[in-house]
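Have a look at the structure below before the remarks.
Keep in mind that the numbers below use all heavy atoms, side chains included, and drop hydrogens, waters and symmetry copies.
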Number of protein chains: 2
Amino acid sequence: MRLYDYWRSSAAYRVRIALNLKGISYEQVPVNLRSGGQRTLDYTSKNPQGLVPTLEDGGAHLTQSLAIIEYLDETHPEPPLLPKEPLARAQVRAMAQLVACEIHPLNNLRVLQRLEHRLGLDEREISSWYRHWINEGFAALEARLKTTAGRYAFGDSVTLVDLCLVPQLYNARRYRCDLVPFPTICRVEEACQALPAFDAARPERQPDAA
Amino acid sequence: MRLYDYWRSSAAYRVRIALNLKGISYEQVPVNLRSGGQRTLDYTSKNPQGLVPTLEDGGAHLTQSLAIIEYLDETHPEPPLLPKEPLARAQVRAMAQLVACEIHPLNNLRVLQRLEHRLGLDEREISSWYRHWINEGFAALEARLKTTAGRYAFGDSVTLVDLCLVPQLYNARRYRCDLVPFPTICRVEEACQALPAFDAARPERQPDAA
């Protein structure tokens with residue numbers, strides 16, 4: 001498999017963790033979001049949205065990190081990233097979507113660039129925007145984790161939730177969010193980071209890291 | 001089942017279509033987002049994020065529209081809303097997430113309210129923000145549909161993509177987006193709206209419609 005990747009993309013980071021957990025070897029192709037690599041015709045022919053990641057598997061180009069991870073889970077079932085029972089699956093997916101649909105889309109690069117260049121926000125206002133959506137989302141996630149977390153976010157096995165939580169914390173730290181109100185989130189992160197699959201997926205360990 | 005709902009919420013609209021397609025009878029409990037019904041303690045005990053929809057099933061409260069729809073699809077398999085083959089499932093999920101993760105989160109009520117009240121944007125600037133994200137997302141979706149669409153968004157059966165596409169078009173029309181560049185999206189919408197399950201889910205047919 002081939003992963004079109006950017007070291008600091010938290011959506012790509014989720015997929016790197018999944019590939020590592022499944023023990024799938026993959027070639028990384030860096031797409032430099034800072035210099036517009038995602039807008040080249042070559043890349044948009046693979047991913048019309050011009051976003052990372054894209055996973056290439058047998059000639060097919062898969063997009064959207066959560067869809068890619070469910071694909072990997074269906075084609076490489078071990079270790080499973082979703083529980084078996086429908087209600088538990090729905091809870092795991094909802095917690096992952098809390099991060100992927102309610103926090104991350106508001107804080108990704110193209111949005112911050114629009115806030116800066118179109119709406120003229122300064123650095124302080126952009127940081128405040130960023131932290132606001134993380135705080136809102138993490139408060140809800142922390143409340144959920146109090147009833148679902150074991151060693152990891154949902155019981156004692158790694159699930160899709162952990163794959164979203166760890167990259168989002170990386171972003172939160174970049175923007176110096178106060179994480180004191182979120183002890184369960186931080187505890188789960190620590191347990192995840194002790195696993196080699198998470199460690200190898202860290203942004204700073206990627207070949208294109210600045 | 002009981003659906004905590006708001007007539008104009010496009011996330012709730014997706015779930016209404018799914019329930020109708022599956023032939024599941026449900027009680028609607030309106031949550032008035034305009035008057036803050038989503039922030040009451042009673043509601044946030046069911047949905048800590050204070051977002052709609054929430055689906056109550058046998059005492060459990062399910063959140064996040066895509067997670068709810070996959071739950072309904074797993075517990076009520078007919079008619080299926082996802083294809084059987086992993087690659088096709090990934091494509092359908094990715095197209096649904098294109099709407100649910102890349103368009104809708106940037107345009108929902110809490111975001112527009114923050115743009116207005118915190119950042120002081122006027123009506124013209126907010127409409128421009130709204131249309132920008134719809135245009136970006138619809139351009140990518142239209143490109144995808146050119147290769148995937150049959151009668152509906154992915155072949156000739158209704159899938160999760162259609163459940164996201166139709167409510168997003170409702171929003172696009174509210175903000176008077178130019179839909180001329182998106183003929184495939186509009187053609188698929190027309191096919192969907194001819195189905196009773198979609199028709200009954202329209203915002204203006206809901207009991208709390210203004």
| request: Tell me the residues of residues 87-106 of chain B whose non-hydrogen atoms fall below 4.5 Å from those of chain A, in number order. | output: L87(B), R89(B), A90(B), R93(B), A94(B), Q97(B), L98(B), A100(B), C101(B), E102(B), P105(B), L106(B)

| Roughly how far, to the nearest 0.5 Å, is the CG atom of L119(B) from the CD1 atom of I126(A)? | 10.0 Å

| message | If you count every heavy atom of other residues, nucleotides or ligands that lies below 6.0 Å from E190(B) atom CD, does the total exceed 12? | response | no

| field | Per-residue contact mode, T63(B) against chain A (heavy atom under 4.5 angstrom) | value | both

| field | Residue part contacting chain A, namely of D57(B), when any heavy atom lies under 4.5 Å | value | neither

| query | Quick one: which residues of residues 132-155 of chain B reach chain A at under 4.5 angstrom, heavy atoms only? | reply | H132(B), W133(B), E136(B), A140(B), A143(B), R144(B)

| task | Take atom CD of E123(A) as the centre, draw a 6.0 Å sphere, and report whether it contains more than 12 heavy atoms from other residues, nucleotides or ligands. | result | no

| Atom CZ in R118(A), atom CH2 in W129(B): separation rounded to 0.5 Å? | 11.5 Å

| Taking every heavy-atom pair that is under 4.5 Å apart, which of T75(A), I68(A), V111(A) has the most such pairs with chain B? | V111(A)

| query | Non-hydrogen atoms of chain A under 4.5 Å away: do they reach the side chain of L51(B), the backbone, both or neither? | reply | side chain

| query | Most heavy-atom pairs under 4.5 angstrom with chain A, which of R110(B), E125(B), E70(B)? | reply | R110(B)

| When P48(B), S128(B), A60(B) are compared by non-hydrogen pairs under 4.5 Å with chain A, the top option | P48(B)

| task | Check each atom of L62(B) against the heavy atoms of chain A and say whether the ones under 4.5 Å are side chain, backbone, both or neither. | result | side chain

